[in-house]
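Each remark here refers to the structure printed beneath this line.
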Amino acid sequence: MRLLLPDNFYAKIFSYLFPSLSERDISYYPSASLGRFLDEDKADLALIPSMDLLTYPSFFVSSRAAVSFDGALSNSYFYFLKQIRMVKEVFLRGDVSKNEAILTKIIFSEQFDSNVDIVLDSKPFDLNSKNYLVCGDENLRTGNYDAGLSMADQVSDLIDAPYVNYILVSKEQEILKEFTKGITGLDKFLEDNFEVITKKLDYSQSALQNIKENINSIYFDMTENEKKALTDLIRLPYFTGLMEDIHDINFVD
């Protein structure tokens, strides 16, 4: 089966949790393009940003596997200027998707009572000049995450549940069923095999050690808790007035 993944650490870990996958089955692309590529039949399955369901509500969503967070670990981190009272702009950089654009607006509105402008940024990273949200592996490569604020933690506070960042989807229900058939205990498998899996990946020892120490805040199993969290998450834009429509999720066991 052909699987599309975002090009980040957590998606690479995700791929190793499915022994039947080989490298030739997987293609990595920017997060923002994954839903569109799946919709264009360029693959059988994709691990897409959860907010892409607002654009593709007919996609079938796995009830068995996802990428979720509920603590200090995150795929995206906020970095704020030290001497600033009110944030007016947030510059998004890295592997930006609909999740970061929409949820940043909601976080600042609901958590900080602030209406921020979202600006896509491709200039050199400068912590002394801008407020940022950095998405993806740039956080791990630079080691700046120690100075950042976990976006996942902020989202979890909003919905009082884990932040379901990426979801496994397909346009075909049977393909999704076949791919995830018999899959259980992904979180336990990662805990038991973390060193073996991460030896295959090119990341610094300090970044890997930080992830290992906080591994209990990453979830690859999609339980009833994550299913409810995902439902609450994609309804946030509706309840906060950013979207006019609300959709049910086509979960597949």
Side-chain angles (χ1 to χ4, degrees), residues 5-6 8-18 31 34 46-54 59-78 95 97-108 110-111 133-136 139-140 145 148-169 176 180 183-192 194 210-240 246-253:
L5 294 177
N8 64 51
F9 172 83
Y10 298 103
K12 290 169 186 172
I13 290 291
F14 183 90
S15 73
Y16 284 111
L17 302 180
F18 294 85
S31 291
L34 296 168
L47 190 70
I48 67 170
S50 48
M51 284 294 175
D52 275 10
L53 282 182
L54 300 173
F59 283 176
F60 291 99
V61 180
S62 173
S63 292
R64 294 176 178 265
V67 180
S68 308
F69 305 89
D70 74 349
L73 288 184
S74 182
N75 189 53
S76 300
Y77 290 85
F78 291 105
D95 187 27
S97 73
K98 193 178 268 89
N99 279 44
E100 290 76 33
I102 292 175
L103 292 173
T104 297
K105 295 282 287 186
I106 294 174
I107 287 168
F108 276 88
E110 299 296 315
Q111 302 283 71
L133 177 63
V134 179
C135 315
N139 296 289
L140 297 179
Y145 53 84
L149 178 68
S150 164
M151 177 182 170
D153 204 19
Q154 294 299 307
V155 176
S156 293
D157 283 348
L158 269 179
I159 61 175
D160 195 26
Y163 169 40
V164 184
N165 196 159
Y166 288 96
I167 53 177
L168 182 63
V169 300
L176 196 56
T180 58
I183 291 296
T184 59
L186 297 178
D187 297 334
K188 181 68 165 56
F189 182 82
L190 175 60
E191 287 184 26
D192 292 345
F194 184 83
N210 179 63
I211 292 167
K212 182 180 180 181
E213 290 172 359
N214 293 280
I215 200 167
N216 289 332
S217 69
I218 314 170
Y219 308 100
F220 291 94
D221 289 310
M222 176 76 100
T223 69
E224 290 301 318
N225 192 34
E226 282 77 33
K227 287 171 66 176
K228 182 181 183 303
L230 177 60
T231 300
D232 291 343
L233 182 70
I234 68 161
R235 290 178 176 176
L236 274 180
Y238 173 79
F239 289 120
T240 55
I246 192 167
H247 302 283
D248 292 330
I249 302 175
N250 299 318
F251 284 113
V252 174
D253 289 327

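Positions are given from 1, in the same order as the sequence printed here.
- At a threshold of 4.5 Å between non-hydrogen side-chain atoms, the residues Val67 and Phe220 count as touching.
- Remark: Phe18 engages Phe14, Leu21, Ala65, Phe179, Ile183, Leu186 in a side chain to side chain contact (heavy atoms under 4.5 Å, CB included) (not counting sequence neighbours).
- Contact annotation: the side chain of Pro49 never approaches that of Lys98 to less than 4.5 Å [non-hydrogen atoms, C-beta and beyond].
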- request: Step by step, work out the side-chain contact (heavy atoms from CB on, under 4.5 Å) result for Leu140 and Asn8.
  value: CA-CA 10 Å; Leu140 297 179; Asn8 64 51; over 6 Å; no
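- Contact annotation: the side chain of Tyr145 never approaches that of Ser74 to less than 4.5 Å [non-hydrogen atoms, C-beta and beyond].
- Ser50 and Tyr163 share no side-chain donor-acceptor pair at under 3.5 Å.
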Donor-acceptor pairs are to be reported for all side-chain atoms of residues 151-158 against protein atoms at under 3.5 Å, with residues two or more places apart or in another chain.
residue : atom : partner : partner atom : Å
Ser156  : OG   : Phe69   : O            : 3.4
Ser156  : OG   : Ala152  : O            : 3.0
Ser156  : OG   : Ala161  : O            : 3.2

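- Note that CG of Asp52 is 7.0 Å distant from CG of Asn99, once rounded to the nearest 0.5 Å.
- Side-chain atoms of Phe59 and Ile167, non-hydrogen and from C-beta on, never get closer than 4.5 Å to each other.
- Glu191 and Lys188 are not joined by a salt bridge, as no carboxylate oxygen comes within less than 4.0 angstrom of a charged side-chain nitrogen.
- Between Met51 and Ser97 the shortest side-chain heavy-atom distance does not fall below 4.5 Å.
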Please assess Met222 against Ser62 for the test side-chain contact (heavy atoms from CB on, under 4.5 Å), listing each intermediate value before the final yes or no.
CA-CA 8 Å; Met222 176 76 100; Ser62 173; 5.6 Å; no
* Show your working on side-chain contact (heavy atoms from CB on, under 4.5 Å) between Ile215 and Asp187 and close with a plain yes or no. => CA-CA 9 Å; Ile215 200 167; Asp187 297 334; over 6 Å; no
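- Here CD1 of Ile106 is found 5.0 Å from CG of Leu236. Values are rounded to the nearest 0.5 Å.
- Here the side chains of Ile211 and Ile218 are in contact, with some heavy-atom distance below 4.5 Å.
- Contact annotation: the side chain of Val61 approaches that of Leu230 to within less than 4.5 Å [non-hydrogen atoms, C-beta and beyond].
- Checking side-chain atoms of Glu226 against main-chain N and O of Thr223 turns up a donor-acceptor pair under 3.5 Å.
- Asp221 is linked by a side-chain hydrogen bond (donor to acceptor under 3.5 Å, both in side chains) to nothing, counting only residues two or more places apart in sequence or in another chain.
- For the pair Thr231 and Phe251, the minimum side-chain heavy-atom distance is below 4.5 Å.
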